[in-house]
Amino acid sequence: MGEKLFIGPRLRLLRQAKGWKLEACAGKLGLSASYLSQIEANQRPVTARVLIDVMRVFEVDAASLDAADDQRLIADLREASADAPSGGEAPSLSEIKAAVANTPNLAKAYLDLHRAYRRLDERLKATEEAVSLDERGAASALLPYEEVRDFFHYKNNYIHSLDVAAEALAAEIGGGGERALEAWLADRLGVTVARSGEADLLRHWHSASRTVTVGAAHPEATRSFQLAYQIAALTLSDIVEAELAAAGFRSDSAAKVCRTGLLNYAAGALVLPYERFREAARAARHDVERLALSFQTSLEQVFHRLSTLQRPGARGVPFYFVRLDRAGNITKRHSATRLQFARFGGACPLWNVHDAFARPDAWLVQLAQMPDATRYVCLARGVVKPSGAYRQAERRYALGLGCEARYADQLVYADGLDLEGPSAPIGVSCRICERDDCSQRAFPPVDRAFEVFENDRRWVPFSLRP
């Protein structure tokens, strides 16, 4: 049975934007005023018939009524409120859900204030560090990246204008392989492709000679992606700049970071065009290796692209995607699912993505359950990116991909998995995890009181209070 759909706050905003009273709107939808009031208060879900009538009367599609943004806002608000500097009691989860449902603009304003606090705090720490080290110019470089991550986060990691344009461009080029991209650059844009043996070079653009140089030491999939990036930079810049202007970033640094992110997005959409890739993924039951071989791309490119298939009216399976380095830093993260990643601190140690470093050539599959009882099929794989030089360290990452267990029949990796059997109890991170009985909890959640028993030592040296 499918999940119940609650669209109350969105429906109320649509009605208010039209200037309609409750009774008038109820009449247009063929409902009683009391029934509509209950729907708007999220006391009743909408039926398929009511949903169709709402789409018709307000001239919107189903995607605009999707509650996924509410889940992101709830997750972000819960972590932000737990991170507040006041030290007071954090609001409960039910209070946060009520705030998101009834006053979403106020909730977003609170997040803006929290981000401002974090920026000031980071600047203060950077200044103190610079003074202590007697160094200048040690300002934090992380803040623009966090702002850009938020941009993609609330876009659901899907940029419609770029995706559609890149898909059309892919059809014109006729293929996403290195040779096809190189030929199109030469024939259509008058660009020469050169190759360099520099170990750390991915791509260099020389505008005067109209030459793009790619690193010969890297795999063909990497070189193809860099050529696709250059094509996007030369042909889709107007769309990119329009997205940047609409985003309204606070700093030039954030805008520059996002410009690169948008061009990377366009390159991924070019080598893995939306509809063709979505159909291939469905036919292969999301077998990542088969898709990478078919489209001549890397495993990471397929992982990332699977998490972006959120086009209205043609959505794929909603996946989360994450990339970790060996220090546990999350260097890429996105979730089209209800699972949201921690914005600060590490990820749950019980998650199988951490095991991928020890077994880089194995596909790891885990049935996991979050504190809200939602189960996920979690896929993890270690990848090693060669350095191209003996004295240069290889880059090692762990990739994570997963979806809710209700989509398991569409995943080749779930074959043979006992979906009704025991599951690994994972969480977002220790700092906001609700579990009382985790044997690997690193420290108490910031919104819970705890007690230390001096004469009773357990695996976890404290006990959470109710």
Side-chain angles (χ1 to χ4, degrees), residues 157-158 163 170 175-178 218-225 228 264-265 267-311 314-325 330-337 339 341 347 351-368 376-386 395-417 419:
N157 204 34
Y158 175 72
D163 216 304
E178 185 177 15
H218 298 287
E220 181 180 347
T222 301
R223 297 195 301 269
S224 296
F225 187 88
N264 278 327
Y265 181 98
L270 181 56
V271 297
L272 296 165
Y274 193 98
E275 196 55 42
R276 188 158 64 91
F277 178 72
R278 186 176 73 100
E279 289 300 324
R282 180 184 299 170
R285 296 184 62 221
H286 301 87
D287 187 322
V288 175
E289 286 183 297
R290 283 183 60 186
L291 292 169
L293 183 62
S294 176
F295 286 87
Q296 303 175 55
T297 59
S298 69
L299 298 180
E300 183 176 339
Q301 289 168 13
V302 174
F303 269 62
H304 191 279
R305 186 56 167 154
L306 285 172
S307 73
T308 69
L309 301 182
Q310 297 301 303
R311 180 177 293 180
R315 295 190 175 190
V317 171
F319 284 102
Y320 71 73
F321 164 64
V322 65
R323 187 182 76 175
L324 277 70
D325 65 17
I330 297 179
T331 56
K332 290 184 179 180
R333 58 176 166 86
H334 170 66
S335 180
T337 72
L339 187 151
F341 302 113
W351 197 13
N352 69 340
V353 70
H354 301 289
D355 298 330
F357 289 109
R359 303 173 62 189
D361 297 324
W363 291 92
L364 307 180
V365 181
Q366 177 187 45
L367 180 63
Y376 294 87
V377 177
C378 304
L379 174 67
R381 174 67 189 248
V383 293
V384 179
K385 299 190 177 184
R395 293 170 295 150
R396 295 177 179 269
Y397 297 100
L399 306 179
L401 185 78
C403 65
E404 292 186 21
R406 60 194 173 108
Y407 298 103
D409 63 322
Q410 300 183 50
L411 244 63
V412 66
Y413 304 98
D415 289 352
L417 202 61
L419 299 176

*Considering residues at least two apart in sequence or located in another chain, which fulfil the side chain to side chain contact (heavy atoms under 4.5 Å, CB included) criterion with Ser335?*
Tyr320, Thr337, Leu339, Gln340, Phe341
*asked:* Side chains of Val377 and Val365, heavy atoms from C-beta outward: is any pair under 4.5 Å?
replied: yes
*How are the rings of Phe303 and Phe321 set to each other: parallel, tilted or perpendicular (split at 30° and 60°)?*
perpendicular
*Roughly how far, to the nearest 0.5 Å, is CD of Gln296 from CD of Glu178?*
9.5 Å
*Inter-residue atom distance Lys385.NZ - His218.NE2, 0.5 Å rounding*: 9.5 Å
*With rounding to the nearest 0.5 Å, note down the distance linking OH in Tyr413 to CH2 in Trp363.*
4.0 Å
_Closest approach of Asp163 to Tyr158 (non-hydrogen atoms, all atoms of both residues)_ = OD2-CE1, 3.3 Å
_Atom pair CG (Leu364) and CZ (Arg381), whose distance is rounded to the nearest 0.5 Å_ = 9.0 Å
*So do Val384 and Tyr397 actually touch side chain to side chain, heavy atoms under 4.5 Å?*
no
*Can you name the nearest heavy-atom pair linking Leu291 to Ala284, along with the distance?*
CD2-CB, 4.4 Å
*Answer whether the closest heavy-atom distance between the side chains of Arg305 and Thr308 falls below 4.5 Å.*
yes
*Please report the shortest heavy-atom distance between Gln310 and Gly316, naming the atom on each side.*
NE2-O, 4.1 Å
*Give the intermediate values and the outcome of side-chain hydrogen bond (donor to acceptor under 3.5 Å, both in side chains) for residues Asn157 and Tyr265.*
CA-CA 9 Å; Asn157 204 34; Tyr265 181 98; over 6 Å; no
*Given side chains that start at C-beta, do those of Trp351 and Tyr376 come closer than 4.5 Å, heavy atoms only?*
no
*Evaluate the side-chain proximity of Leu411 to Phe319: yes if any heavy-atom separation is below 4.5 Å, no if none is.*
yes
*Could you check if a side-chain atom of Thr297 sits within less than 4.5 angstrom of a side-chain atom of Phe225, using non-hydrogen atoms only?*
no
*What do the steps show when you test Glu300 against Lys332 for side chain to side chain contact (heavy atoms under 4.5 Å, CB included), and what is the final call?*
CA-CA 11 Å; Glu300 183 176 339; Lys332 290 184 179 180; 2.8 Å; yes
*Roughly how far apart are Leu401 CG and Arg323 CZ, rounded to 0.5 Å?*
14.5 Å
*Taking all non-hydrogen atoms of both residues into account, name the closest pair between Val271 and Ser224 and its distance.*
CG1-O, 4.4 Å
_Looking at every heavy atom in both Arg278 and Arg315, which two are closest together, and how far apart are they?_
NH1-O, 3.5 Å
*With sequence neighbours excluded, tell me which residues meet salt bridge (Lys or Arg N to Asp or Glu O under 4.0 Å) with Glu289.*
none
_Rounded at 0.5 Å granularity, tell me how far CZ in Arg282 sits from CG in Leu309._
10.0 Å
*Cys378 and Asn352: which non-hydrogen atoms are nearest, and at how many Å?*
O-ND2, 3.1 Å
